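Step one of this worksheet: look at the structure below.
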Amino acid sequence: MAQGRITDASIAAVREGAKIDRVVADYVTLKKAGVGSLKGLCPFHDEKGPSFNVSPDRNTFHCFGCGEGGDVISFLMKIENLDFIDTIERLADRFAIPLQREEYTPRPGSSADTGPVVDRATRARLIEANTAAAQFYVEQLFSPEAEQARRFLSERGFNRDDVAPYLVGYAPNGWDVLIKHLTALGFTRDELLTAGLTSDPKESGRHIDRFRGRLMFPIRDQSGTVIGFGARKLLSDEQDKGPKYLNTPETPLYKKSRVLYGLDMARKPIATTRRVIVVEGYTDVIACHLSGEPTAVATCGTAFGEDHVRIVRRLLGDDGNGGEVIYTFDGDSAGQKAAIKAFSLDSHFQTRTLVAVEPSGMDPCEVRLHRGAEGINALLADRIPLFEFAIKTELSQFDLASVEGRGNSLSAIAPILASIRQSEVRDQYVLRVARWIGADPENVRRAAAMASPSSAPQSMAPRAPEANTSDVPPEDDAPTESFERPDATQFRNAAAALKVVLHGRRFMQLAAAELTATDFLHPTYRAVWQALLDATADETTANVDAAGWVAAVMDRAAKTSPTVRSVVTELSATPAHLRTTLTNENALKTALMLVLESSGARMDHIMRAISNPNLSPEEMDRAQAAWDKAHQRHTAAQDRLNEIDGSHF
Ligand SMILES: [Zn+2]
C-alpha cells in the first residue's frame with residue numbers, strides 16, 4: 001500500500017484531470033442542456049424533472065432542486081460515501097493521473113489519521129478479496145468436482161462462452177477451501193469475514209467458507225467491481241441445509257437494497273434504449289442478455305424496492321417523456337406478491353410500467369431454453385400495463401359470480417384505481433373494471449375517489465366536507481399542532497413497519513419485541529408508534545377485529561394530535577392488498593428491515609462524528625462503544641433477515 005500524504009499539486013491535478021461528465025455518467029444519464037452544460041435526474045434527491053446540472057468545462061456539478069453542488073471529488077465522495085483520500089486514489093486510478101506523496105509522519109494521539117485510513121484500506125482489501133474469490137470460483141467451475149454445476153448450466157441452455165462474461169463459478173464443497181486459498185494469498189481471516197466470504201465463527205465455532213458446493217454468481221456494482229455473490233444450491237437438502245439461494249450478507253461493500261444483478265452490463269443499454277427489464281433470477285438476466293435484451297437486471301436476495309427504483313430512474317432519465325420499465329413475474333403467488341410490491345412502487349416512476357407474464361408460468365430462462373431468443377422477444381412484446389395486471393390479479397381472488405364477491409372485489413380494487421396518476425387512464429380503467437365485475441361505472445368511480453390517499457384521511461375527519469369526491473384535494477385544515485406529515489418515501493421502512501402492525505394487535509406484539517421508539521426517526525411516526533404501544537397496553541383491545549384495532553389506535557393517536565391520527569388512517573388505508581398475504585414472517589421481516597435501516601443510519605452518524613479531529617479520547621471511546629452497539633444490532637437483524645429471506649431471491 002502506498003504511504004504518505006498526497007501532495008496538494010496531485011490533488012489539484014485530479015480535480016482538473018478527472019472528467020466529471022464521465023464520472024457522473026456512471027450514475028446518471030446526462031443529456032445536452034445548452035452550451036457547455038449537461039443535465040439529468042439528481043442522484044441526491046428525488047425529483048420528477050431533471051435539475052441536476054453538470055458543467056464539463058468547469059468540471060463541476062450543481063443541483064437546482066436540492067442545492068447540492070461541487071467538483072468531481074466531492075461528487076464521488078458523496079455518492080459513494082468515500083473519504084477524501086480514497087476518492088482521490090480512485091479518480092487517479094481511473095484517469096491515470098500519477099499521485100505524488102510526501103513523507104508520512106503520523107502524529108501520535110491524532111485520531112484524524114486513524115479513522116479514515118482504516119476505512120479506505122479496508123474497502124480496498126474487501127474488493128481485492130472479493131475479486132480473488134470470484135477468480136478462484138471461476139477456475140473451480142472446470143474442476144472434476146464441479147460436474148453438477150456445469151450440468152446445471154447446460155440444462156438451462158448455457159455454454160461456457162455464455163456465462164464467461166458473468167464470471168459464473170463454483171464454490172467447492174469443503175469447510176475451508178476458499179479460506180486456505182485466500183489466506184495463502186495474504187488475506188486475513190478477519191478480512192474474509194468482513195467481506196462476507198466466511199460465516200461468523202460465533203455461530204459455527206470456527207471460520208468456515210460461507211459458500212460450499214454451490215454455483216456462484218458474482219454480483220458487481222455499476223462499475224463492474226465484484227462486491228458480493230449469489231450462490232445457488234446444487235446439493236441435496238440433506239447435504240446442504242441452507243436455502244436455495246444464499247447471498248453475501250450486508251458488508252461495507254454489499255448493500256442488497258442497492259444492487260442490481262447485471263447492471264454493470266445493462267447500464268449503457270438502459271440509458272440508450274430508455275427501457276429496463278426487471279427479472280427475478282440471475283439466470284433470467286443472462287438468458288435475456290443472450291437473447292438480445294441487454295437491459296435486463298435482477299434484484300439480489302430482496303424484492304425490487306425504492307432504492308432500486310432510484311437507481312433505475314436515473315439511468316432511464318425518467319422525466320415523463322417516454323421510457324419503459326418492464327417487470328417479468330412468475331405466474332405463481334410469489335410472482336403475484338412481487339407484482340403487487342412493484343405496483344406500490346409505481347407512483348415513483350414517471351415512466352410507463354408494464355408486466356410481461358408467461359401464461360404457462362415459465363421464467364425467462366426457461367422460455368429461452370424452450371423457444372430461444374424469439375421466445376424472449378415475444379414474451380416482452382406481450383407486456384401489459386401494470387395496472388391491468390394488478391387489477392386482474394386482485395380480481396382473481398374473488399368469486400365474481402356472487403353479489404358479495406363483486407362488492408368485496410370493488411373495495412379491493414378501488415385503491416389500485418385511485419393510485420393511477422393520469423386521470424384519462426384512470427377513467428379508462430374505471431370503465432373496464434365496471435365491465436369486468438358487472439358494476440355501474442359511477443359506483444366504481446365513487447369507490448376509487450373514496451380510496452384515493454388524499455381523500456381517505458379527510459373523509460374520516462370530523463370536519464370533512466360532505467360528499468367531496470372531486471379530484472381536487474380539499475384545502476388543508478389550518479395546522480395548529482407541531483406534528484408534520486412525514487414523507488412516506490423518505491421514511492419508507494418506518495411507514496412499512498407501521499402499516500403492518502396496524503393490521504392487528506398480534507403483529508404489533510411481534511414487532512414490539514424488535515423495535516424501540518428510537519427506530520422511528522420522524523417524530524410523527526414515533527407518535528404513531530406510541531399510540532400503538534398505548535393501544536396494546538390496553539387489555540380491552542385483546543380480542544378486537546382488524547377494524548376495531550385501527551379504531552383503538554386512532555383513538556390514542558387523536559389524543560396526541562389530529563395529524564398523528566390522520567397519518568394512522570392513511571397508513572391503515574393504503575396497503576389493502578397485504579391483508580390477504582400478511583404472515584408473521586412478513587411482519588417480522590418488516591420490523592427487521594427498519595432495525596437494519598435505523599441502526600445503519602446510527603452507524604453512519606457515529607462514523608461522521610468520529611472523523612471530527614477535535615474529539616477527546618473519552619468522547620472517542622464513547623462513540624466507539626455506541627458504534628459497536630449499533631453494529632451488533634445491525635448484524636443480528638441482518639442475520640435473521642437472511643434466515644427468513646433465504647428461501648427465495
Ligand atoms: Zn438534487
Side-chain angles (χ1 to χ4, degrees), residues 14-15 18-84 86-87 90-91 221-223 255 257-260 263 267-268 270-271 274 276 304-323 325 345-351 353 421 484-495 521-522 597 600-601 604-605 607-608 611:
V14 168
R15 186 170 278 129
K19 298 285 167 240
I20 194 164
D21 45 331
R22 284 177 54 197
V23 174
V24 170
D26 282 351
Y27 307 91
V28 180
T29 296
L30 293 169
K31 286 188 215 154
K32 281 236 156 42
V35 181
S37 173
L38 302 163
K39 67 179 182 176
L41 290 176
C42 179
F44 302 119
H45 84 280
D46 281 325
E47 59 176 1
K48 303 265 191 238
S51 44
F52 182 78
N53 280 251
V54 170
S55 160
D57 296 342
R58 290 194 299 270
N59 225 29
T60 57
F61 73 98
H62 180 79
C63 173
F64 292 99
C66 66
E68 198 62 56
D71 59 20
V72 62
I73 299 170
S74 54
F75 176 82
L76 193 62
M77 271 178 84
K78 185 160 173 69
I79 200 152
E80 286 287 338
N81 241 325
L82 300 172
D83 65 66
F84 185 76
D86 196 8
T87 310
R90 271 223 220 177
L91 290 170
D221 67 10
Q222 292 191 39
S223 65
K255 313 270 175 242
S257 67
R258 289 183 221 155
V259 291
L260 286 168
L263 191 59
R267 182 164 64 82
K268 290 219 166 78
I270 289 172
R274 306 200 63 198
V276 60
F304 195 77
E306 290 176 30
D307 282 329
H308 300 120
V309 170
R310 278 192 199 103
I311 296 167
V312 163
R313 284 195 64 217
R314 264 170 235 139
L315 292 171
L316 280 173
D318 183 18
D319 56 5
N321 300 309
V325 179
L345 293 171
D346 182 64
S347 56
H348 300 287
F349 283 112
Q350 298 268 88
T351 279
T353 47
R421 295 181 303 266
E484 279 178 307
R485 200 169 272 278
D487 174 3
T489 54
Q490 198 190 338
F491 298 94
R492 59 190 175 285
N493 283 327
L521 297 177
H522 195 287
E597 181 189 73
D604 285 350
H605 179 79
M607 228 4 152
R608 273 196 297 278
S611 66

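Order of listing sets the numbers, starting from 1, for every ligand and every atom in it. Since the model is a prediction, treat every value here as computed from it, not as a measurement. Nothing fancy with the numbering, it's 1 onward along the sequence. The basis for the numbers below is simple: all heavy atoms, side chains too, and nothing from hydrogens, waters or symmetry mates.
Residues that satisfy the side chain to side chain donor-acceptor pair (under 3.5 Å) test with Arg492, not counting sequence neighbours, are Asp307.
A salt bridge between Arg267 and Asp26 is present, with a side-chain N of the basic residue lying under 4.0 Å from a carboxylate O of the acidic one.
Ring orientation note: the planes of His522 and Phe491 are nearly perpendicular, at an angle over 60° on the 30°/60° scale.
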Would you tabulate the side-chain donor-acceptor contacts of residues 37-45 under 3.5 Å, counting partners in other chains and residues two or more places apart, or write 'none'?
unit_1	atom_1	unit_2	atom_2	d
Ser37	OG	Asn53	OD1	3.4
His45	NE2	Glu47	OE1	3.2

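Here the protein contributes Cys42 SG, His45 ND1, Cys63 SG, Cys66 SG as N, O or S atoms under 2.8 Å from the Zn ion (ligand 1).
Scanning both residues, Ile20 and Asp71, for their nearest heavy atoms gives CD1-C, 4.0 Å.
Residue pairs satisfying the side-chain hydrogen bond (donor to acceptor under 3.5 Å, both in side chains) criterion with at least one member in residues 55-64, sequence neighbours excluded, are absent.
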